[in-house]
Amino acid sequence: MSATYRQSSVVSTAALEADPYNRYYARGPRVRLTAEQVRDQALSIAGVLSAKMYGPSVMPHQPAGVWKSPWNGDDWKLAEGDDRYRWAIYTFLKRTGPYPAMITFDGVAREVCTARRIRTNTPLQALVTLNDEAYIVAARHFANRIFEKGMKTPNEQVALAYQLATGRLPDAAKAAVLTDLYKKSLTDFAKQKQKAEQLCGEEACESTPEMAALVVVANAVLNLDEVLVKG
């Protein structure tokens, strides 16, 4: 929480030329959040991150069929209630079956000692945050949070979603892109109401084309660079 660490990562051309490696700490670091932080932040923005501490490990959402023990037939058993949304540090880990979403974001399998983690940026990471069940569920709760605030128009919903995720309102260009995404999604879901119900799932308070379109927008906001990266 030091003032040095909390500096903006924005840098001028002159400053970059004078200190390309930031050895004088004239700007803040710009790095992607860690594997655990990416998941915990999505749940926090969605308003469902559990503050419960201590106790045994839990099994949160993950894609079906990914985890299975070939030796004793154990399967991934989804935790009940708020345990599904506990901090990532409480996620059940097994060396032969690590949590896949965290591994994709450079988490460790704990097979060997790791002095530090590397940071990568691969298309697989975008596939996780766009499609992994844990992030779809987070997007549903996020959409509910926006809906329950009483925002009626797409413009208001988009502005609130962006503000809740980043702490600031979107500029006109970003707002236009997200509003257009909402409108196109609404048109598609109005024609395919069964898909709207599938996307809303059991977590959404309503299974309507409007809510499904809002889930799409919420998912997109959770995938924004300014949300996944500390800047």
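Hydrophobic clustering of Ile, Leu, Val, Met, Phe, Trp and Tyr side chains at less than 4.5 Å, counting indirect connections, keeps V31 apart from I118. Under the 4.5 Å side-chain heavy-atom criterion for grouping Ile, Leu, Val, Met, Phe, Trp and Tyr, L186 is connected to M211 within one hydrophobic cluster. Hydrophobic clustering (ILVMFWY, side-chain heavy atoms < 4.5 Å, transitive): L224 and L33 are in distinct clusters. Y21 and V11 sit in two unconnected hydrophobic clusters of ILVMFWY residues. Membership requires side-chain heavy atoms under 4.5 Å apart, directly or through other members. There is a path of hydrophobic side-chain contacts, each under 4.5 Å, that joins M151 to V217.
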Next item on the list: Decide yes or no on salt bridge (Lys or Arg N to Asp or Glu O under 4.0 Å) for R84 and E202, but give the supporting numbers first.
Entry: CA-CA 14 Å; R84 298 180 180 185; E202 63 180 19; 3.6 Å; yes
Item checked: Evaluation steps, side-chain contact (heavy atoms from CB on, under 4.5 Å), between V216 and F189 -> CA-CA 11 Å; V216 171; F189 286 126; 3.7 Å; yes
Next item on the list: Take D106 and R116 through the salt bridge (Lys or Arg N to Asp or Glu O under 4.0 Å) test and state the conclusion after the steps.
Entry: CA-CA 10 Å; D106 309 317; R116 70 179 181 89; over 6 Å; no
Margin query: Is there a side-chain contact (heavy atoms from CB on, under 4.5 Å) between L160 and K149? Walk through the geometry before answering.
Written below: CA-CA 9 Å; L160 178 60; K149 291 289 185 180; 3.5 Å; yes
Check: Going through the checks in order, is the side-chain contact (heavy atoms from CB on, under 4.5 Å) test met by Q62 and E133?
Finding: CA-CA 5 Å; Q62 76 167 7; E133 184 180 3; 5.8 Å; no
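A donor-acceptor distance shorter than 3.5 angstrom exists from the side chain of N22 to the backbone of A26, with no hydrogens or angles considered. A donor-acceptor pair under 3.5 Å links the side-chain atoms of Q7 to the main chain of T4, judged by distance alone. Under the 3.5 Å distance criterion, the side-chain polar atoms of Q37 are matched with a main-chain donor or acceptor of T34. Side chain of D40 to backbone of A88: a donor-acceptor contact under 3.5 angstrom is found. Side-chain atoms of N219 come within 3.5 Å of backbone atoms of L130 as a donor-acceptor pair (strictly under, hydrogens ignored). Using a distance-only test at 3.5 Å, with no hydrogens or angles considered, no donor-acceptor pair links the side chain of D83 to the main chain of A79. Judged by distance alone, the side chain of E156 and the main-chain N or O of K152 form a donor-acceptor pair under 3.5 Å.
No hydrogens or angles considered: a donor-acceptor pair under 3.5 Å links the side chains of Y162 and E226. A donor-acceptor pair shorter than 3.5 Å cannot be found between the side chains of S44 and Q41. A side-chain N or O of Q125 and one of T120 form a donor-acceptor pair less than 3.5 Å apart.
The side-chain heavy atoms of R30 and K230, taken from C-beta on, include no pair separated by under 4.5 Å. Counting only heavy atoms from C-beta outward, the side chains of H61 and Y85 approach each other to under 4.5 Å. Side-chain contact check for Q163 versus R168: every heavy-atom pair is 4.5 Å or farther apart. With a 4.5 Å cut-off on side-chain heavy atoms, L228 and V38 count as touching. For the pair T13/L16, no side-chain contact is recorded, criterion being any heavy-atom separation below 4.5 Å from C-beta on. Contact annotation: the side chain of L49 approaches that of W87 to within less than 4.5 Å [non-hydrogen atoms, C-beta and beyond]. Between L127 and L124, the closest side-chain pair of non-hydrogen atoms falls below 4.5 Å. Under the 4.5 Å side-chain criterion, counting only non-hydrogen atoms from C-beta, T91 is not in contact with S57.
We find the OG-OH distance between S2 and Y25 to be 10.5 Å, quoted to the nearest 0.5 Å. Residue D225 holds its CG atom at 12.0 Å from OG1 of T166, rounded to the nearest 0.5 Å. Expressed to the nearest 0.5 Å, how far NZ of K183 lies from CG of D188 amounts to 14.5 Å. Summarising the geometry, atom CD belonging to Q192 is positioned 9.5 Å from atom CD belonging to Q198; distances are rounded to the nearest 0.5 Å. Rounding to the nearest 0.5 angstrom, the gap separating the CG atom in L214 from the CG atom in L181 is 10.5 Å. The CG atom of L178 sits 9.5 Å away from atom NZ of K174, with the distance rounded to the nearest 0.5 Å.
Contact detail for A159 and L169: the closest heavy-atom pair is O-CD2, 3.9 Å. For the pair A138 and A46, the tightest heavy-atom approach, listed with the atom from each and the gap, is O-CB, 3.2 Å. Smallest separation of non-hydrogen atoms from Y99 and A134: OH-CB, 3.9 Å. Pairing each heavy atom of A126 with each of N223, the nearest pair is O-OD1, 4.1 Å. Here the closest heavy-atom approach between residue G201 and residue S207 is recorded as O-OG, 4.2 Å. Between R39 and P60, the closest heavy-atom pair is NH2-CB, 3.2 Å.
Residue R117 places its CZ atom among more than 12 non-hydrogen atoms of other residues, nucleotides or ligands, all under 6.0 Å distant.
In this pair, Y135 and F105 present their aromatic rings tilted. The plane angle is within the 30 to 60° band.
Both the sub-6.0 Å distance and the 45° axial angle are satisfied by R86 relative to the ring of Y90.
Between R140 and E206, none of the side-chain N atoms (NZ, or NE/NH1/NH2) sits under 4.0 Å from a carboxylate O, so this pair counts as no salt bridge.
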